[in-house]
Every structure is written in structure tokens, then in C-alpha cells.
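To start, the structure under review is shown below, and the notes come after it.
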There are 4 protein chains.
Amino acid sequence: MLREHRRQQILESAKKVFAAKGYHATGVADIIKDCGIARGTFYLYFGSKRNVFETILDAFLELLKERIPRIDETVGIEGIKKQIHDNVTGVLSAYAENPDMARILLNEAVGLDKEFDRKLWDFYKDFLGLIEDALVLGQEMGIVRPLDTRIIAASIHGSMQEVVRRVLHGRFDMDLDQVVEEILAYNIRALFVPELVEAWDRL
Amino acid sequence: MLREHRRQQILESAKKVFAAKGYHATGVADIIKDCGIARGTFYLYFGSKRNVFETILDAFLELLKERIPRIDETVGIEGIKKQIHDNVTGVLSAYAENPDMARILLNEAVGLDKEFDRKLWDFYKDFLGLIEDALVLGQEMGIVRPLDTRIIAASIHGSMQEVVRRVLHGRFDMDLDQVVEEILAYNIRALFVPELVEAWDRL
Amino acid sequence: MLREHRRQQILESAKKVFAAKGYHATGVADIIKDCGIARGTFYLYFGSKRNVFETILDAFLELLKERIPRIDETVGIEGIKKQIHDNVTGVLSAYAENPDMARILLNEAVGLDKEFDRKLWDFYKDFLGLIEDALVLGQEMGIVRPLDTRIIAASIHGSMQEVVRRVLHGRFDMDLDQVVEEILAYNIRALFVPELVEAWDRL
Amino acid sequence: MLREHRRQQILESAKKVFAAKGYHATGVADIIKDCGIARGTFYLYFGSKRNVFETILDAFLELLKERIPRIDETVGIEGIKKQIHDNVTGVLSAYAENPDMARILLNEAVGLDKEFDRKLWDFYKDFLGLIEDALVLGQEMGIVRPLDTRIIAASIHGSMQEVVRRVLHGRFDMDLDQVVEEILAYNIRALFVPELVEAWDRL
DNA sequence: GATGAATGAGCTTTCATTCAT
DNA sequence: AATGAATGAAAGCTCATTCAT
């Protein structure tokens, strides 16, 4: 399908330019120049500048969602450890593999307009919901210490997001695994009951 | 000082409107309407729309800086605990007391343009530097566990920022002290050597 | 009279600034800054920016008019030569002694608006009228060769004006007398019947 | 070339309006109204109001330059006479054929801003340079009397310019040839050695 | 008389979007 | 399907002038 291919071309160009210059500083002119198409052609595939941006954002949010499956608690502590490890790695690598999209999500999509804000809050609400569910489950299983699950879910999310932001900004020259290890070590201690922390490290 | 008073009026209106509508969606027209002044009057006090925004942002960054004094480590563990507690409370209350400014910093100032981005990164660099210094100091004192100070400094910053963001968004109906307690409990466990965590809680 | 003194102060400042920056590039702000008075004070003495400009221009046009008295032809050729010499010297020295006003007249007042244009044309019409009258008279006396008085009056005026313009622009480092001599030598030859030219030079 | 045609359309409208209302009194609104195009279209072809004006001015200066070729002195006195006649006719007809451009050059471009002033002075410097060269050459050939070439070059230029200005202003109902004859007769007498003037008229 | 803060009409310019070809 | 010239609403900003003190 040629049509689909052309659509993807535009999306790629838009992604690149939005990430590099920001939403407002990017004009439709920048996108079509990068893409080598005419102004009118752009509007043949996307209704508006806002619409391309939304498409890009939606795709990345979808991608992120897939990387965070619900935790299966029936597989024992060792299995849980592996799941958590995989989830964190999955999310972080989603960012790492799509730096442009990540930059757009973390830097450009913030404060764009009311509707985008709602979309992001909705996404994060789901994301935090999953974290909260996991925390509650952990508390029921006795492995997570007593804490306010809402505040702590936000903390976890915020700490990961900020680390990602700084890695993307190019300040950290470290590899993904090291980042995952640090984040896990940090949160394990922050969340789990003391007895488990010891055991965890021995796993 | 009538002049200073008028300047403050404009700043207040600008703060309100920027926080409510966002930087780009806000026109000078919105600010002067809220303020009840003429177009020209606005430009008598501020050189441009960007300039008012910058003034607001700078003021808030300055305010935040004042709330984060360097930690005095010579006062014993109990004194350190109090300092940390005060610092966290200080920063969070700076946000709580200036919700508009906070919203502007966290939502509007992100991705505005290259120069604002640099300003923010510079500010955060200082902020993270202080956290890192404290972590390194803690490690030297044997109270902070071995960890990558850069990643963890980012984590701490990110976790606090995200919590603030969500409190501002109005979803949390909790009071400041509770938030501070949760954040501290979270980070104490995440950072300190196990022996200290126990002692800490007993303080 | 203090009032008159203040008025002159403003006129002097305005003259200076208009000559230096041009009418449009000059703001009321420039004038009052140079003058050290308040905005409102300016409008106490002059109804508008245009009005100050007009006042300056009128004054200079008046000054110029005084320097060009009608020629008295009853005094013999030698007397006429002296009169012409004095008139040319008078006009040129009016420019030389008021370089700011001259610059304003020659560079700024051109093409300002319909009304100024009319004022200037009227002035020049009078000026050219005097020259034409002198030419006609000269023809009647048999000392001016046959020529189209309108065209030649314009030529005379234009040649003098352009020389003044260039002197003002600072390109010529010559003194007034030399300029007068050249202009006279130029026009005498251009205008007079051949026999007279010779006689003229011997006078 | 539709694009070039549209560009010319805008230039024509701009020329007309600038000549009629003057640079400052003319708004982009006036130009596009005269032209029947939208605001944006204007900026598609010209970067700014100043830019159109400059384009018009440059074009006319270029046109004038072409009309003033260097004089070839090797062709004998009769040939020189013809060349001078042709040059003067050429320049004057350039003005006559482009009254709007001429009005813009003579009335609007004066005192617009520093940069335009420099452009004009540069052009006139070249123009006067050519005249001066011709005068010096004439002196070497013994046909031009002793005179200050700089002052007289300015006189010549000024006299021609002023005549043009008045013709454009519509006060003169005479034809071009007559004007040329008068200007030549005037300057021949003013410049040449007496013996030549006589010979000249006999040619 | 003097002040200078306040005014607002009006300017130039931008850019997402449309539409005739 | 593709083009790119044309559009025009809307933005930021200036500055001569006014007027309450």
C-alpha cells in the first residue's frame, strides 16, 4: 500500500522535527521540507498539525501500554522479581528505542492544550493504577510495607520518568541494564518489608 | 510605590492566566483583560509576553533555591533528620503556596523554547548537584548505601516533582505533612544502610 | 519670560534630534530626554510632534526668505554684482549657520506628508519666482541671454541646493567663500550674454 | 511564469501607492488592496514593506545607471556633443517614463533611514564621479574651463535633478527635448571655455 | 506649570489551512 | 494523488497623545 507508506514517511519526519524543535517551533513547513512533499499532500494524510502530533503521541502511549502487563502474582517471589525486572526493562527500553517519541512525550506534550493534558493524565492514571494495584497486592501478600499507595505510585512513576528524561537529554553515558538495576535497588528498598529486601538481594 | 504595585498586579494576572491557559494559548490580550489595563500599559512594565513569563519563572526558581539550603552535617544524625525534614517541607510548601507558579514551572515552562529549556536544566542541575553532594556526603559518613549518585539524585528529584504535580492537579486531598512523611519514609529506606533505617524510625 | 525660554529649549532639542535621526525615527521620547522635561510638558508647549517640526521648518523658511531681498536694478552693473554676491552668500551662510535646520529642510521635510509638501512647494515657488523675476529683468536689461526662465530658475535653485546638501553632508572641506565663487562663476557664464561675462570678471 | 507575473503586479501596485502616499503613509494594507491580494500573499513575494520599497528603488537606480555610459572622448567634439546630448536625454527620459519610480527616488527615499541614505549617497557618489571624470577629462582636453570639479559636479547634478523634480510635479507643460536643450545650453556656457561655446552652438 | 503613568488605534508579520490546477 | 500559491485571522508590539495628580 503506497498510501500507508507515504503516511509513515510523514510521521517519521514529523517525529524527528517535533523532537528536535518542539511542537510550537515546528511549522508544517519544516515537516514537509524534511519529507520532501508538498503542503497540500500533508493535509491529504493528516487533518492538521495537531493531528499528526496526536497520532505520534497515541502510538507511543499504545507502545508503552503494551510493555506494562499486569503482574502475575501466582508464580512465587522469584517469578515476581523477574516480572518486575522485565517490566521496568520493557518500559525503559521502549523509551530508549524511540528517543524522538520519548522526547515528545516527556518534553513537548506537556502543557500543549487542555485536550492533550487530559489524554496524558488519563494515560498516567492507568499507569499509576497498575502500579497502585501492584502495591496493594504486595501489601496483601505481606511483601510491601504499609504506605500510601497513591503517593508512592506517583513517586515511582516520577523517579523513573525523571531518570529517563535525563538519559534522553544525553547527560548519562550509562547502559540500560545499569539504570534498571539502580532503579530496582532503589525502589525495592523503598517499598518492601525489611525481611524481604535481604532475601530479594540474595535471589 | 504605585509603580511597583501595578507591576505586581500584572504579574499576578499573568501568573493566573498562564497557569490556567498555558503559555501559548495565553495572549497579551488575556493578561490585560484580567488586569483591567490597556495594551500599552503592559509594555510599560514588561518588554514582552516572554519577558513576563520569564520574570514569573525566575522568581519562583529563586524562591525554590532559598528553600534548599545546604545540609550541615556536623550536627549529628538527629539534626540531619530535622534538616532533611525541613528542606522537604520547605520545597513542597513553596509549591503548595504558589500553585500557579508551580503549575507554570511544571507544565508550561517545559519545552517552551531552547533558552527556557537551558534555564530549567541549569536550575535542575544545581538542584540535583545539591542532592548528589548530600548523597556523597552520606556515603562518606556511612549512612547512605552504595549507589549511583547521579541516577538516584534524578530519582529523588523526579519522585518529589511527580508527587507535587499530582497534588497540584487536585487529585490528592491529603495534607502536606502526610506527603512529606511518605516521601521521607520512601527515600530513607531507598537510600540508607539498613541499620540506620531502623534507628532513623526510632528517632 | 520663562515660558518662552522653555519653548526655545524644546525647539533646540527637537532641532538637534530631528536632524540627527530624521523625523520618523525621532520619537517624542527622544526630544524630551534630550531636553530633560516630562512628556506632558512637551504637549504644554506644542500640540504635537508634527507641530514642533513645522515650527522649526517655518522658522528656517522665514530666515531664508529674509536673506533673499529683491534685487535693486537701478544701481548699475557693479552694484548688481555685489547684490547677487551678497544674496548668494546670505543664503548659503543661512544654511551654514544652521546646519541642523538645513538638514531638516533638505533631507527630512521631503515627502513627509501632503501638507508639508505643499508648504515646501509654496516656499520654493516664491523662491523660484524671485529668481525668475531677476532673470526676466536681466533679459530686459540685455544682460541675461535668451533662455526659458522657469527651467533655468529651477536649475539655479537645484544646483545651489545640491551643493549645500553635500557641504552639509561633510564631504567638502572648503570654505563658504570658495563655494560662493564657484557657484557664481558657474551661473554667470551660464546665464549672461557673452560680452558681459568678460566684463563681469574684470569688475 | 505566473509567479513572476504576480511579483510584478505587486511591484506595480507598490510603486503606485508609494509614489502617491509616500513610504510611511503607505501600509501593506494599501498595497494589497490596490493589488487585490491577501496579506499573506504579499509576504510570499516580499519579506517586508521595506523590502518592496528597496526592490523598487534598486531597480530604478539600476535603470539610471544603464543610461549613463562613460563618455568616449576619442570621437571628436561633434561626437562628444552627441554623446552628452544622448546621455542627458537618456537620464531625463528614464525619469519621464517612470514617473512613479522617479517620485519615489526624489521624494520618498530621502531621509527614510540610515541604510537607504547610504544607498542613495553611494549611488550619487558614482553618478557625481562620472560627471567629475568627464569634467577633468574636458579640462585636460582644454574644453572645460578651470573650476572646482567637485562643486560643479554637484551643481550639474542638482540642477538636473531639480528640473526633473519640477517636471514630475506637473508644473511644466514642456516637452523633453526642450528641457534637454535648455539644460545643455545652460551647462555648456557654464562649463566650457568661451571659444568652444561659440563653436559648440555652430555645430 | 509640571509630571509621567496610562491609553488604544494601528502597524507589521506569521502560519495553519484551503483549493484551483 | 499531488501540488504550491493563496488565504486571512490573529498575534505581538509601538508610540503619539491624554489626563489625573
Side-chain angles (χ1 to χ4, degrees), chain A residues 2-3 6-7 23-33 35-53, chain B residues 1-7 9-10 24-32 35-52, chain C residues 2-3 6-7 23-33 35-53, chain D residues 1-7 9-10 24-32 35-52:
Chain A
L2 241 69
R3 199 177 150 74
R6 170 59 54 97
R7 204 182 124 88
Y23 179 77
H24 281 104
T26 297
V28 174
D30 298 306
I31 299 173
I32 63 175
K33 200 201 300 172
C35 201
I37 60 169
R39 261 187 137 67
T41 311
F42 174 87
Y43 285 92
L44 242 40
Y45 290 87
F46 295 95
S48 68
K49 170 182 161 185
R50 202 181 173 289
N51 181 235
V52 216
F53 189 82
Chain B
M1 277 277 107
L2 245 71
R3 208 180 139 72
E4 186 53 30
H5 176 247
R6 170 55 54 97
R7 202 183 128 88
Q9 270 191 312
I10 299 177
H24 280 104
T26 297
V28 173
D30 298 305
I31 299 173
I32 64 177
C35 202
I37 60 170
R39 256 189 145 62
T41 309
F42 174 85
Y43 285 93
L44 227 49
Y45 291 87
F46 296 96
S48 66
K49 168 182 158 183
R50 203 178 174 288
N51 181 234
V52 217
Chain C
L2 242 69
R3 197 174 154 76
R6 170 60 53 96
R7 206 182 124 87
Y23 180 77
H24 281 103
T26 296
V28 173
D30 297 306
I31 299 173
I32 63 176
K33 201 202 298 170
C35 199
I37 59 168
R39 261 187 138 65
T41 310
F42 174 87
Y43 284 91
L44 242 41
Y45 290 87
F46 295 96
S48 68
K49 170 181 160 184
R50 202 180 172 291
N51 181 232
V52 215
F53 189 82
Chain D
M1 275 274 110
L2 248 69
R3 210 181 138 71
E4 186 53 30
H5 176 246
R6 171 55 54 97
R7 201 183 128 90
Q9 269 191 312
I10 299 177
H24 281 104
T26 297
V28 174
D30 298 306
I31 299 173
I32 64 176
C35 200
I37 59 168
R39 258 187 143 62
T41 309
F42 173 86
Y43 285 93
L44 227 49
Y45 291 87
F46 297 95
S48 66
K49 168 183 157 183
R50 203 181 176 288
N51 182 232
V52 218

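Residue numbers start from 1 in every chain, and the chains themselves are labelled A, B, ... in the order their sequence lines are given, proteins ahead of strands. Keep in mind that this is a model prediction, so the values were computed, not measured.
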Whole-Å distance, C/Phe42 CZ to E/dG1 P, equals 17 Å
Is D/Thr41 near enough to F/dA5 that one of its side-chain N or O atoms lies under 4.0 angstrom from OP1 or OP2?
no
- prompt: Taking C-beta and beyond as the side chain, do B/Phe42 and B/Val52 meet within less than 4.5 Å on heavy atoms?
  reply: yes
Considering only heavy side-chain atoms of D/Arg6, the closest of F/dT17, F/dA6, F/dC13 is F/dA6
Per nearest nucleotide of DNA chain E, the residue lying toward the 5' end, D/Lys49 or C/Gly36, is C/Gly36
Rounded to whole Å, CZ of D/Phe46 lies from P of E/dT14 at a distance of 16 Å
Paired to F/dA10 by Watson-Crick or G-U wobble criteria (both distances under 3.5 Å) is E/dT13
Rounded to whole Å, NZ of A/Lys33 lies from C1' of F/dT3 at a distance of 18 Å
The reported gap from OH in D/Tyr43 to CD1 in D/Ile10 (rounded to nearest 0.5 angstrom) is 11.0 Å
Value for OG1 (B/Thr26) from NE2 (B/His24), rounded to nearest 0.5 Å, stands at 10.0 Å
Closest of F/dT18, E/dT17, F/dG12 to the C/Arg39 side chain is F/dT18
Rounded to the nearest 0.5 Å, the OH atom of B/Tyr45 sits from the CZ atom of B/Arg3 at a distance of 5.0 Å
Between D/Leu44 and D/Arg6, is any pair of side-chain heavy atoms under 4.5 Å apart? no
In whole angstroms, the gap separating P of E/dC11 from CD1 of D/Ile31 amounts to 12 Å
B/Leu44 has its side chain closest, among E/dA9, F/dA6, E/dT7, to E/dT7
Of A/Ile37 and B/His24, the one whose closest nucleotide on DNA chain F sits nearer the 5' end is A/Ile37
Between CG of A/Asp30 and P of E/dC15 the distance, given in whole Å, is 9 Å
Practice problem: Would you classify A/Arg50 as touching base, sugar-phosphate or nothing, given that sugar-phosphate means primed atoms plus P, OP1 and OP2, and contacts are heavy atoms under 4.0 Å? | Solution: nothing
Quick note, C/Tyr45 side chain, CB onward, closest among E/dT17, E/dA2, E/dT13 is E/dA2
Note: for D/Gly40 and B/Gly40 on DNA chain F, the residue whose nearest nucleotide lies more 5' is D/Gly40
Would you say B/Ser48 places a side-chain N or O within less than 4.0 Å of OP1 or OP2 belonging to F/dG12? no
Closest to the side chain of A/Tyr43, out of F/dT17, E/dA16, F/dA1, is E/dA16
A/Ile32 CD1 to F/dA2 C1', in whole Å, measures 12 Å
Quick note, A/Ala38 side chain, CB onward, closest among F/dA1, F/dG4, E/dT7 is F/dG4
Notebook entry, point to check: In terms of ring plane angle, is the pair C/Tyr23 and C/Phe53 parallel, tilted or perpendicular, where the classes change at 30° and 60°?
Noted result: perpendicular
Side-chain contact check for C/Arg3: nearest option of F/dA6, E/dG10, E/dG1 is E/dG1
When both distances are under 3.5 Å in a Watson-Crick or G-U wobble arrangement, the nucleotide paired with E/dT21 is F/dA2
The Watson-Crick or G-U wobble partner of F/dA16, with both key distances under 3.5 Å, is E/dT7
